[in-house]
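Worksheet for the structure shown next.
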Amino acid sequence: MVGFQAHPNGVGVISLGVPGLALLTALAFAAGWINSIAGGGGLITLPALLAAGLPPYLALGTNKGQAVFGAATSVVSYGRRGQIDADRVVLGFTAGFAGACLGARVVLAVPAAPLRVVVMVLLLISSAAMLAQRKVAPTARQLGPRAARTWLLVIAFGLGAYDGFFGPGAGSLLVMAFATVFGDTLTRASGNAKVVNFASNLAAFLSFAWGH
């Protein structure tokens with residue numbers, strides 16, 4: 001048996017047997033595979049963690065703990081294939097990290113009871129965003145250097161904050177944003193999105209680990 005110490009605002013100590021751990025491991029593996037392709041793996045792991053009985057804070061933090069490794073692997077993979085724009089890496093990573101720190105601090109300030117309701121509503125919204133991603137058609141655009149930096153800052157910080165506050169669906173929203181604003185192909189948009197996603201996952205994970 002494995003015990004999970006809940007957040008002080010949560011309830012009790014939760015223990016999972018071998019079957020439960022095996023199921024969560026399999027779901028985490030599936031989520032990592034989905035994240036490496038298009039994002040949205042959190043739509044699998046977060047509900048599973050909540051269903052296992054973890055309070056919202058612990059579920060969100062644990063979800064980030066597994067997501068950060070998948071995002072890091074994806075960045076390396078897309079980078080090796082030349083599907084990441086080097087001139088966007090520093091600003092995208094920094095803005096995503098800062099936004100996620102803010103989002104995580106905000107969610108840690110929300111009481112546990114209403115947070116569970118908020119999480120369930122956001123799960124429905126992020127599921128709709130995943131479906132909408134399939135209809136995105138990249139449009140060729142020519143942005144000046146200043147406009148490109150401004151848009152990147154807004155997208156990375158804004159969706160980084162969302163990722164720090166909640167998470168699931170952030171990768172899909174980033175892909176849609178890069179495809180529609182910058183005109184990236186879906187593959188290149190996914191690569192650029194992974195840089196921001198890695199930064200936001202890392203920042204949120206550290207914030208949840210140190211926050212309480």
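Counting from 1, the numbers follow the sequence of the chain as shown.
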Could you tell me whether a side-chain N or O of [X] sits under 3.5 Å from a main-chain N or O of [Y], the two making a donor and an acceptor?
X	Y	answer
N63	A59	no
S77	T73	no
R188	A179	no

Interatomic spacing from CG in L174 to CE in M176 - rounded to 0.5 Å: 9.0 Å

Hey, what do you get for CG (L108) to CH2 (W210), rounding to the nearest 0.5 Å? 13.5 Å

Going by the rule side chain to side chain contact (heavy atoms under 4.5 Å, CB included), which residues pair with [X] if we only count those two or more places apart in sequence or in a different chain?
X	value
T187	Y78, Q83, T185
A104	S207, F208
V76	R80

Answer yes if V121 and L115 sit in the same cluster of Ile, Leu, Val, Met, Phe, Trp and Tyr residues linked by side chain heavy atoms under 4.5 Å apart, and no otherwise. yes

Would you kindly confirm whether V175 and V154 end up in one hydrophobic cluster when ILVMFWY residues are joined by side chain heavy atoms under 4.5 Å apart? no

Side chain to side chain, L152 and F182, heavy atoms closer than 4.5 Å: yes

Heavy-atom side-chain proximity of V196 to N192 below 4.5 angstrom: no

Sequence neighbours left out, what pairs pass side chain to side chain donor-acceptor pair (under 3.5 Å) with at least one residue falling in residues 144-155? none

With sequence neighbours left out, which residue pairs that include part of residues 153-165 fulfil the side chain to side chain donor-acceptor pair (under 3.5 Å) condition? K64-D163, D163-N197, D163-S200

Can you list every pair that meets salt bridge (charged side-chain N to carboxylate O under 4.0 Å, His left out) and has a residue in residues 118-128, with sequence neighbours left out? none

Test: salt bridge (charged side-chain N to carboxylate O under 4.0 Å, His left out). Region: residues 88-101. Which pairs qualify, not counting sequence neighbours? D85-R88, R88-D184

For the residue pair [X] and [Y], what are the closest heavy atoms and their distance?
X	Y	answer
F157	L102	CZ-CD2, 3.9 Å
V107	G164	CG1-O, 4.1 Å
G191	I84	O-CG1, 3.5 Å

Can you give the donor-acceptor pairs under 3.5 Å from side chains of residues 91-101 to other protein atoms, not counting sequence neighbours?
from	atom 1	to	atom 2	distance (Å)
T94	OG1	V90	O	2.8

